[in-house]
> 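Take a look at the following structure, please.
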Amino acid sequence: MVTYMSGINGFTWHDSDLCQKMNSAISHRGPDGTNIFLRDNLTMGYVYLKTPDNFRNSMLPIHDESEEIWLIYDGEIYNYEEVRKELENAGHTFTSDKEAELLLKAYIEWGLDCFQKFNGVWSVAIYDGRTNKLVLVRDRFGTKPLYYRVYENDLIFSSEILGILAHPLPRTPNKRAVIKFLHDGKYIHSENWLKSGETFFSDIYLVFPGEYIAVELGSRKIERHFWYIGHENIYPFDKHEGDPIDHMKLLFLKSIRERVSQNTEIASSLSGGIDSSSIVCAIRHEYPDSVIRTISMIYPGKPNDESKYANLVVDTAKAKAEYISPNPDEFANDIFDLIRTQQEPFQGLAVYGQYKIMEHAHHQGIKILMDGMGADLLLAPTSNGISLGKIMNCLLKEGFREFFRKISLFYQSEYVRKQNDTIGKKVLFGKDDLLTPEEDRAKINVPNSLFDVRADRNGMHWGIITRMPFQCKYIQEFGASLPNEWRIQNGISKYIFRQSMIGILPEGVLNRKDKQGYVLPDYELMSSPSMRDIVKEITHSDSFLSREYWDGILVQKLFDDLYNGKVQWNAIFWRIINVEIWHRIYFDGHKKTTVHSDINSLDQPPAQMQGKMS
């Protein structure tokens, strides 16, 4: 059997040629085929990627017997068997074992409440001819992306911003988002993202995790609702029965089994940290005879090299290890494609490490890759940030070693923050007048979610499906219920999870305290001769010097000082270059016109949606 992973597109009028352009724009998500569904007031497109495993999916769209309900979707349902059994007990019969048929029959049985039943990842578009509505639905943690744009009385949607940009409509940058990013490095992929659902493109919005949007195709009325609100789905920790450590272990191993296809070769990224290492070792624990391949990014001899820990996991799991070490020349060749792939500016070059791992997997013929994303915020202490008060409390409870580690982190972060502020005030414009308070529409605040689609963008760009065991409904909700003493003890982070992995993870990884995630030598990548040439061309160009975000002459001097050793590397250097290249790719050369009057606000969702949100 095969599974089809995909991308979805559509809009609220009839135009097959335009839909095909949208499909072409996101064809990297589905290079193996395409399809289009047409109605007088609706067009939906679908692209798919086949993978040789036993997960359940099919060519779309799919419809009910009366052809009144049509459905396209991108995603996977991991609790397929239990939901199917419930539907069969309710009287439904199945003609296949396809997930799309399960989704369709679940919608017929329960309506939009059906999504409460599923444990998985998805973006879904449903046309319901009984009500003449188009409904867009995104999974509860936002693992699968879904975007939309309202123009005049019509709505356009796509799995990627690229699909929406295929329309011949005005495109302008969201200046407030860009300025916020340049000054603070924060946007959607952080805790201080723009909560009105904005993207870096004016008039293009994201469907929130756990949200659905319903469009009545006759009146064009648009309604938005959260079908999932995190804090309403957390079972009180003190009411859990049994040993919490055993429960965490049970949930994690079940999540592994749900995402792994038996009797097939299994591939996983491996950094050497506890999250990805646990995935690899848990796969070996559950599937003793399977072939496991790992892909690790290493920098032998560099301070943040993790090859020692990755090798320890490889030996324990008896995996076939593959290693990459992206170098500055590669980065110079990749930088424009990397920024185009991400479609929006991003904070640091850890994204490049994941991009290169996906590229390597693609060239090795791998189509499914396990990934450890989702554990850091889930199992972090509920009080965010580092303060002197917390550090002193750490001294009393956790000892001198952890005290000195945290106070070092505190002063290091304070230095970086002050350096960032100093540089920003010197060379950047526009912070005060554009950083207005965002509308707090997002109700998904527990469990914590990064709303991070970087893995999807990197993976789909290279034709790779990414499966994330930590992005599981039951793990996330249990993790969100944990008191702090189960999250950290005696300076040991992710305490309950580490305890659950005793006997599965090697002790050398289990007892690590210094994991930092993918860490690339940013300055080395940005300061090679080839990158210096690129930076010089960029900062001396007319487009850069006329850009409204910065003083181009002062930025030129800033980079000169950096390369001459007069100032230290700071992420603000990357953010400036990132924004300029992003502008060149997505705006320079495109016709700049006035944004449509109904959707020209930087501070609010489209006018048609105001007053219709719950």
Side-chain angles (χ1 to χ4, degrees), residues 5-10 26 29 44 46 60 71-78 99-100 103 106-107 110-128 133-150 155-164 188-189 193-199 204-215 222-230 232-233 343-344 373-374 441-445 447-457 459-460 465-468 471-473 476-477 605-606 609 612-614:
M5 295 302 289
S6 59
I8 63 176
N9 292 306
I26 64 166
R29 300 186 71 88
M44 296 197 297
Y46 173 76
L60 300 174
L71 179 149
I72 56 175
Y73 100 113
D74 169 28
E76 295 180 302
I77 306 300
Y78 300 122
E99 287 181 2
L103 275 165
Y107 176 74
W110 298 302
L112 290 168
D113 290 339
C114 71
F115 293 100
Q116 298 284 359
K117 303 277 186 179
F118 301 134
N119 180 24
V121 298
W122 62 81
S123 58
V124 180
I126 302 169
Y127 169 67
D128 191 335
K133 285 185 178 181
L134 167 68
V135 183
L136 308 178
V137 190
R138 193 174 178 195
D139 68 73
R140 55 179 56 83
F141 303 123
T143 305
K144 284 295 176 181
L146 188 56
Y147 299 91
Y148 69 93
R149 176 171 181 171
V150 176
L155 181 139
I156 307 161
F157 70 89
S158 179
S159 292
E160 297 191 10
I161 290 171
L162 288 175
I164 296 175
I188 293 174
H189 310 306
W193 44 280
L194 295 176
K195 295 183 179 181
S196 60
E198 300 173 43
T199 68
I204 297 178
Y205 294 80
L206 57 85
V207 178
F208 278 111
E211 182 183 38
Y212 75 79
I213 296 177
V215 185
I222 301 175
E223 296 180 354
R224 306 180 62 164
H225 300 276
F226 284 96
W227 63 267
Y228 179 83
I229 298 176
E232 295 180 358
N233 289 270
Q343 299 171 43
E344 297 180 277
M373 188 174 291
R441 275 224 328 80
K443 298 179 182 179
I444 302 292
N445 50 8
N448 285 323
S449 175
L450 283 175
F451 305 92
D452 197 334
V453 295
R454 292 174 299 179
D456 181 88
R457 285 172 175 167
M460 288 290 94
I465 297 164
T466 309
R467 290 181 179 155
M468 308 177 201
Q471 289 289 59
C472 163
K473 163 183 165 61
Q476 290 284 330
E477 290 177 354
M609 293 191 173
K612 300 188 177 75
M613 301 175 187
S614 64

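Numbers for residues simply follow the sequence, beginning at 1.
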> Compare all side-chain heavy atoms of Leu134 with those of Phe157 and state whether any distance is below 4.5 angstrom.
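Touching, per the 4.5 Å side-chain cut-off.
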> Which value, rounded to the nearest 0.5 Å, describes the distance between Met468 atom CE and Thr143 atom OG1?
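Answer for the CE-OG1 pair, Met468 versus Thr143, is 6.0 Å.
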> Check for a donor-acceptor pair, side chain of Asp74 on one end and backbone N or O of Ile8 on the other, with a separation under 3.5 Å.
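Between the backbone of Ile8 and the side chain of Asp74 there is no qualifying donor-acceptor contact (under 3.5 Å).
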> Of all the heavy-atom pairs spanning Leu206 and Arg224, show the shortest one and how long it is.
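For Leu206 versus Arg224, the nearest heavy atoms are O-NH2, 3.8 Å.
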> Minimum heavy-atom separation for Thr199 and Ile204, please, with both atom names.
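Closest pair (atom of Thr199, atom of Ile204, distance): OG1-O, 2.8 Å.
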> Return yes if some donor-acceptor pair links the side-chain N/O of Glu160 with the main-chain N/O of Ile26 below 3.5 Å, else return no.
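Between the backbone of Ile26 and the side chain of Glu160 there is no qualifying donor-acceptor contact (under 3.5 Å).
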> Do you know which two heavy atoms are closest between Leu146 and Val124, and how far apart they sit?
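For Leu146 versus Val124, the nearest heavy atoms are CD2-O, 4.3 Å.
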> What's the separation between atom NZ in Lys473 and atom CD in Gln116, rounded to the nearest 0.5 Å?
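If we round to the nearest 0.5 Å, Lys473:NZ and Gln116:CD are 7.0 Å apart.
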> Working to the nearest 0.5 Å, report the span between CZ of Phe118 and CZ of Arg140.
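It is 9.5 Å, given to the nearest 0.5 Å.
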> Side chains of Leu112 and Trp227, heavy atoms from C-beta outward: is any pair under 4.5 Å?
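A side-chain contact is absent here, since even the closest heavy-atom pair is not under 4.5 Å.
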> Going by heavy atoms in the side chains, are Arg138 and Lys144 under 4.5 Å from each other?
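No - every pair of side-chain heavy atoms lies 4.5 Å or more apart.
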> So how far is it from Leu71 CG to Glu99 CD, rounded to the nearest 0.5 Å?
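One finds 11.5 Å between CG of Leu71 and CD of Glu99.
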> Check the pair Asp139 / Tyr228 against side-chain contact (heavy atoms from CB on, under 4.5 Å), numbers first and verdict last.
CA-CA 9 Å; Asp139 68 73; Tyr228 179 83; over 6 Å; no
> For the CG atom of Leu103 and the CD1 atom of Ile72, what is their distance to the nearest 0.5 Å?
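Separation between the atoms: 12.0 Å.
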> At what distance, to the nearest 0.5 angstrom, does OH of Tyr73 lie from OH of Tyr46?
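Rounded to the nearest 0.5 Å, the OH-OH separation comes out at 8.0 Å.
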> Is there a side-chain contact between Arg457 and Ile161, using heavy atoms and a 4.5 Å cut-off?
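Arg457 reaches Ile161 side chain to side chain.
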> Is the ring pair Tyr148/Tyr205 parallel, tilted or perpendicular, if the boundaries are 30 and 60 degrees?
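Because their plane-to-plane angle is under 30°, the rings of Tyr148 and Tyr205 count as parallel.
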> Side chains of Val215 and Glu223: does their closest heavy-atom pair fall under 4.5 Å?
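Of all side-chain heavy-atom pairs linking Glu223 with Val215, none is under 4.5 Å.
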> What closest approach, in Å, do Gly163 and Ser158 show between heavy atoms, and which atom pair accounts for it?
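The pair with the smallest heavy-atom distance is CA-OG, 3.5 Å.
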> Which atom names give the shortest non-hydrogen contact between Gly7 and Arg29, and what distance separates them?
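So the two residues come closest at CA-NE, 3.7 Å.
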> Are any non-hydrogen side-chain atoms of Ile126 and Tyr212 less than 4.5 angstrom apart?
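Result no, sub-4.5 Å side-chain heavy-atom pair not found.
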> Can you name the nearest heavy-atom pair linking Ala125 to Met44, along with the distance?
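Reported closest heavy-atom pair: CB-SD, 4.0 Å.
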